[in-house]
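Worksheet: one structure, shown below.
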Amino acid sequence: MLFSAAASESPIQFGPYLLTECVGQGGMAVVYKATRHGPSGFSKTVVVKAMLPTLTSQREFVAMFSGEARLMAQLAHPNIVQVHDFGVVDGIPYLAMEYLPGRNLSQLRAAVAARGQRLPVGCALAIARDMCAGLGYAHEFVDGDGKRRQIIHRDVSPSNVMVCRDGMVKLLDFGVAKIVGEFDYDVTQSFKGKYAYMAPEQVNHQPIDRRVDVFAAGIVLHELLTGKRLFAAQTELETLQRVSAA
């Protein structure tokens, strides 16, 4: 049985992976730090993203999760987290991805603010540059058959941008990504993302393109430079109203 972010339990075996720590939980999946052991003392630390058991009976969510696995497996860029494995254990689909020691931008921003400081301008610009490099690769992605896919992330936000200890910047979580012209259902209606980073056309359920990612990246950069939230308000409704009027 999987354990939740609120639980503090002993490591459990999940297929070939030993789940050692729950590091986060969203509306669709739980994320664990895990280890895979092999012959001759082989050991590798990874991150396992497992679908919430309560969602495995809903085909649209299983299709979305499986689509993320297929999508992420094709992407190879230094500014996008790499997927190592995909499988199903006891009916629960999972992704195994590279482990990234470091902090996401939400954590980094909070740590800097706690010291009464702002992120240096040069650091903010370098992070934004690398974030945009990963997005640009996804937007212009060409598959093995030479077909341009135009992948839109749709959830660019501080919690989905990791700054590693070695200085690398990695985009995370393509779980609500959209390949233009490929999906026959729209997950925007059930999207539980970060409304303060959504473009007006997203909150108004209008057609979108890669400009929604550029819009979100601009918000992230603004907040890194100023140390202040751009659209966030006291309630989600107020936030949506602010974004819609942008």
Side-chain angles (χ1 to χ4, degrees), residues 23-24 26 28-29 31 33-34 36 44-49 64-87 93-108 119 122-183 187 193-194 197-199 202 208-221 224:
V23 296
M28 187 174 174
V31 180
K33 184 178 179 181
R36 180 164 188 167
K44 186 173 183 64
T45 301
V46 299
V47 168
V48 170
K49 180 179 180 179
M64 192 191 312
F65 195 91
S66 300
E68 179 186 7
R70 292 192 301 272
L71 174 64
M72 292 297 293
Q74 297 180 67
L75 302 182
H77 189 275
N79 298 119
I80 296 177
V81 64
Q82 295 296 294
V83 167
H84 298 313
D85 187 21
F86 171 69
Y94 72 86
L95 284 170
M97 300 173 282
E98 64 176 321
Y99 172 65
L100 302 172
R103 295 185 177 185
N104 65 41
L105 286 187
S106 289
Q107 297 166 331
L108 185 62
L119 202 65
C123 291
L125 293 177
I127 290 169
R129 175 200 63 204
D130 292 349
M131 173 179 62
C132 289
L135 288 172
Y137 170 83
H139 294 165
E140 300 290 340
F141 179 68
V142 176
D143 65 16
D145 295 325
K147 182 178 179 181
R148 184 182 170 201
R149 310 302 274 179
Q150 193 180 163
I151 299 164
I152 307 169
H153 188 287
R154 297 208 294 181
D155 192 15
V156 177
S157 58
S159 62
N160 282 335
V161 181
M162 178 69 75
V163 180
C164 305
R165 290 175 186 166
D166 62 2
M168 289 297 298
V169 175
K170 299 266 189 174
L171 272 171
L172 311 178
D173 201 354
F174 278 73
V176 294
K178 179 177 181 179
I179 303 176
V180 173
E182 189 157 304
F183 288 121
V187 299
K194 298 82 179 176
Y197 301 93
M198 294 173 71
Q202 279 179 288
I208 65 170
D209 58 32
R210 57 186 174 177
R211 287 175 293 183
V212 300
D213 288 345
V214 177
F215 188 90
I219 297 172
V220 171
L221 177 58
L224 289 177

Checking [X] now: which residues fulfil side-chain contact (heavy atoms from CB on, under 4.5 Å) with it, not counting sequence neighbours?
| X | value |
| --- | --- |
| A29 | K49, F65 |
| R211 | D209 |
| V46 | Y17, A34, K44, V48, H84 |
| A73 | none |

Before giving the answer on side chain to side chain contact (heavy atoms under 4.5 Å, CB included), spell out for L221 and L125 the whole-Å C-alpha distance, their side-chain angles and the decisive distance to 0.1 Å. CA-CA 7 Å; L221 177 58; L125 293 177; 4.2 Å; yes

So which atom in [X] and which in [Y] form the shortest heavy-atom distance, rounded to 0.1 Å?
| X | Y | answer |
| --- | --- | --- |
| A69 | L95 | CB-CD2, 3.3 Å |
| Y99 | K33 | OH-NZ, 3.6 Å |
| M198 | Q202 | CA-OE1, 3.4 Å |
| S106 | S159 | OG-N, 3.5 Å |

With a 3.5 Å distance limit and no angle check, can you tell me whether N104 reaches the backbone of M162 through a side-chain donor-acceptor pair?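 Checking the backbone N and O of M162 against the side chain of N104, no donor-acceptor pair under 3.5 Å is found.
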
Check for a donor-acceptor pair, side chain of N79 on one end and backbone N or O of M131 on the other, with a separation under 3.5 Å.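 No; judged by distance alone, with no hydrogens or angles, the pair does not exist.
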
Scan for salt bridge (Lys or Arg N to Asp or Glu O under 4.0 Å) pairs involving residues 133-142, sequence neighbours excluded, and state none if there are none.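 Listed once each, the pairs are E140-R148, E140-R210.
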
Kindly determine whether V220 and Y197 satisfy side chain to side chain contact (heavy atoms under 4.5 Å, CB included), including the steps that lead there. CA-CA 8 Å; V220 171; Y197 301 93; 4.1 Å; yes

Table please: side-chain donor-acceptor pairs of residues 164-172 below 3.5 Å, with sequence neighbours left out.
residue: D166; atom: OD1; partner: M168; partner atom: N; Å: 3.0
residue: K170; atom: NZ; partner: P78; partner atom: O; Å: 3.2
residue: K170; atom: NZ; partner: E98; partner atom: OE2; Å: 3.1

Please report the C-alpha distance between R154 and I208 in whole Å, then the side-chain angles of each, then the deciding distance to 0.1 Å, and finally whether the side chain to side chain contact (heavy atoms under 4.5 Å, CB included) criterion is met. CA-CA 9 Å; R154 297 208 294 181; I208 65 170; 3.2 Å; yes

How long is the straight-line distance from CG of D213 back to CD1 of I152, given to the nearest 0.5 Å?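 Output value for this atom pair is 6.5 Å.
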
Report yes if some heavy atom in the side chain of L135 is under 4.5 Å from a heavy atom in the side chain of V214; otherwise report no. no

Under the ring pair (Phe, Tyr, Trp, His ring centres under 6.0 Å) test, which residues partner F141, sequence neighbours left out? Y137

Does the side chain of D85 pick up a donor-acceptor pair with the side chain of Y94 at under 3.5 Å? yes

Where do I127 and L119 land on the side chain to side chain contact (heavy atoms under 4.5 Å, CB included) test, with the steps shown first? CA-CA 11 Å; I127 290 169; L119 202 65; 3.8 Å; yes

